[in-house]
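Here the structure is laid out as structure tokens; the discussion comes afterwards.
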2 protein chains.
Amino acid sequence: MPKQTFLNLDESKRKLITDAFLREFATKPFDVASLTVVVKKIGIAKGSIYQYFEDKLDLFLYLVGVCSTTKFKYIGHIERKDYPDFWFYFRALYEHGVQFDLENPLQSQFLFQLMENLHSPSIKHLYQEMLEQSVAGFEEMVKHEVAIGLFRKDIPIQVMGFMLYKVGVSIQEHLIQFRVINPKISIEKNIPIYKGKKDKLMLTVDHYIQLVKPSFDKKSNQ
Amino acid sequence: MPKQTFLNLDESKRKLITDAFLREFATKPFDVASLTVVVKKIGIAKGSIYQYFEDKLDLFLYLVGVCSTTKFKYIGHIERKDYPDFWFYFRALYEHGVQFDLENPLQSQFLFQLMENLHSPSIKHLYQEMLEQSVAGFEEMVKHEVAIGLFRKDIPIQVMGFMLYKVGVSIQEHLIQFRVINPKISIEKNIPIYKGKKDKLMLTVDHYIQLVKPSFDKKSNQ
DNA sequence: TATCTTTATGACCAGGTAGTCATACTTAGA
DNA sequence: TCTAAGTATGACTACCTGGTCATAAAGATA
């Protein structure tokens with residue numbers, strides 16, 4: 001948790017600091033990201049950081065918190081019950097995710113790279129924790145779909161949950177792989193990852209849904 | 001490429017060095033792995049490393065080469081044409097992959113963590129390159145299956161190829177996630193990742209095949 | 001204006017890194 | 001046994017990191 005000193009700062013300075021570190025941590029793994037470089041870039045003293053935060057990890061966790069909170073405002077209200085089947089719901093999550101990205105590019109990019117940048121040995125436990133949480137979330141979704149008879153039940157929940165999680169991740173990675181989006185350049189130029197690419201994203205989402213739907217949906221004759 | 005000096009070394013010393021660095025790079029990202037630590041551990045001078053290799057990257061690439069060559073001996077002879085459908089072929093790759101692991105634990109573990117440990121900024125290009133190659137390989141497979149009418153053709157090849165690649169990766173990650181295997185501990189104790197777990201691995205492979213088969217296979221009425 | 005509290009600073013510390021290089025040691029051949 | 005080529009060494013450089021802390025500056029209160 002940030003110290004009181006940081007919270008007392010006026011918003012513009014808080015934003016200056018937050019944004020600068022979001023940028024750093026969005027580009028480099030935790031262990032490689034350098035506080036020294038960032039403070040030089042924004043022209044504040046190294047010592048100040050330690051008036052604001054306990055240590056590097058404290059700062060990092062603060063950023064995670066900020067971004068998660070923001071994103072939740074965009075997708076927190078989306079509920080499964082408002083959609084006829086899981087895939088409409090799944091699709092909606094992406095649609096509102098784009099909105100989050102367009103309006104909060106830096107935060108979006110930070111979250112985008114989060115899992116990747118957590119691969120540093122010194123915070124391995126955090127990675128494990130977050131992955132576990134994500135996977136558990138998808139497992140819950142699958143469990144529900146199986147319960148209401150929309151998803152097949154001949155495959156272990158864990159397998160379906162994990163695969164679904166992977167599908168979610170793969171869509172974004174696909175767009176990077178095939179040069180539709182370029183997070184690195186987006187961060188440099190400070191433009192939203194999906195700016196002008198919402199259509200292409202949703203088309204890809206649809207392709208993936210079309211592809212994996214038969215894997216999850218219960219066959220009509222079962 | 002290693003320098004001649006390294007190649008002149010007698011095998012036992014070469015193996016000592018190779019194994020020690022495989023261990024280091026199997027545990028830590030490229031940028032975090034420390035040559036200094038390794039040379040201390042095996043009791044040779046830091047300078048010696050630079051008599052053997054150009055630099056850290058040269059050493060790393062040597063390790064990649066060694067492991068790839070070994071693994072190829074195990075799965076290079078497996079050909080699609082020897083199997084009735086893609087999924088038997090896919091399954092066979094895993095089966096022989098286990099054999100490679102059991103007989104070359106260290107190399108297996110190094111390759112296992114390779115993609116993950118390539119996330120270091122200083123070798124981002126290498127990551128990109130290898131990913132590209134892997135994905136291209138899976139795309140070729142898909143293309144072939146579509147051509148012979150076994151895979152559906154209503155989804156872009158790129159999407160199917162990338163998804164298939166992800167399925168391959170996901171199986172291993174699944175086993176970590178659900179504590180069936182534990183590469184980190186295996187490396188510490190120097191035992192094969194899949195020792196005594198071949199059955200569980202193949203069961204999981206079968207689950208994933210069973211799950212994703214309907215996504216890829218052409219429907220009989222199409 | 002004088003006092004007290006909060007905030008900002010940057011030199012400094014201990015510890016780490018990849019890579020260099022002159023020197024010493026080994027080995028092989030004559 | 002002497003020489004020459006190959007191999008091993010570790011102190012050293014230049015540079016980086018996260019984190020500390022006494023001190024200075026700024027703000028608020030009276």
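Each chain gets a letter, A, B and so on, in the order the sequences are listed, and its residues count up from 1.
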Under 3.5 Å between N/O atoms: give me all the protein pairs with nucleotides 26-30 of chain D, atom names plus distance.
none

Check every nucleotide of DNA chain C for an atom under 4.0 Å from a heavy-atom of chain A, then give the first and the last such nucleotide from 5' to 3'. C:dT7 to C:dG10
Charged N-O contact under 4.0 Å between A:Glu140 and A:Lys143: yes
Tell me whether B:Glu116 is salt-bridged to A:Lys124, with the criterion being a basic N under 4.0 Å from an acidic carboxylate O. yes
Closest heavy-atom pair, A:Leu35 versus A:Tyr50, reported as atoms and distance to 0.1 Å, is CD1-OH, 3.5 Å
Minimum heavy-atom distance between B:Phe86 and B:Arg80, given as atom pair plus value: N-NH2, 3.4 Å
Under 3.5 Å between N/O atoms: give me all the protein pairs with nucleotides 4-7 of chain D, atom names plus distance.
{"residue": "D:dT7", "atom": "OP1", "partner": "B:Asn8", "partner atom": "ND2", "Å": "3.1"}

Do other residues, nucleotides or ligands put more than 12 heavy atoms under 6.0 Å from the CD atom of B:Glu79? yes
With a cut-off of 6.0 Å (strictly less than), are more than 12 heavy atoms of other residues, nucleotides or ligands near CD of B:Gln4? yes
Under a 3.5 Å distance rule, please check whether A:Ser108 uses its side chain to pair with a backbone N or O of A:Asp101 as donor and acceptor. no
Are B:Gln107 and B:Thr70 close enough that a side-chain donor and a side-chain acceptor fall under 3.5 Å? yes
For the pair made of [atom1] in [X] and [atom2] in [N], what is the distance, rounded to whole Å?
X       : N      : atom1 : atom2 : answer
A:Lys56 : D:dT20 : NZ    : P     : 14 Å
B:Tyr50 : D:dT13 : OH    : C1'   : 13 Å
B:Ile49 : D:dG10 : CD1   : C1'   : 13 Å
A:Phe60 : D:dG18 : CZ    : P     : 14 Å
B:Lys46 : D:dA14 : NZ    : C1'   : 12 Å

Centroid separation B:Tyr62 to B:Phe6 less than 6.0 Å: yes
Run the ring-centre check on B:Phe60 versus B:Phe110 and record whether the distance is less than 6.0 Å. yes
Show, in sequence, the C-alpha distance, side-chain angles and deciding distance for A:Glu24 and A:Lys56, and conclude whether the salt bridge (Lys or Arg N to Asp or Glu O under 4.0 Å) test is met. CA-CA 12 Å; A:Glu24 180 73 1; A:Lys56 196 182 185 183; over 6 Å; no
For A:Thr36 and D:dG18, is the shortest distance between a side-chain N/O and OP1 or OP2 below 4.0 Å? yes
Give one of base, sugar-phosphate or nothing for A:Ser48, where a contact means two heavy atoms less than 4.0 Å apart. base
Touch class at under 4.0 angstrom, heavy-atom based, for B:Val39 against every strand present: nothing
Which is more 5' along DNA chain D, the nucleotide nearest A:Lys40 or the one nearest A:Gly47? Just name the residue. A:Lys40
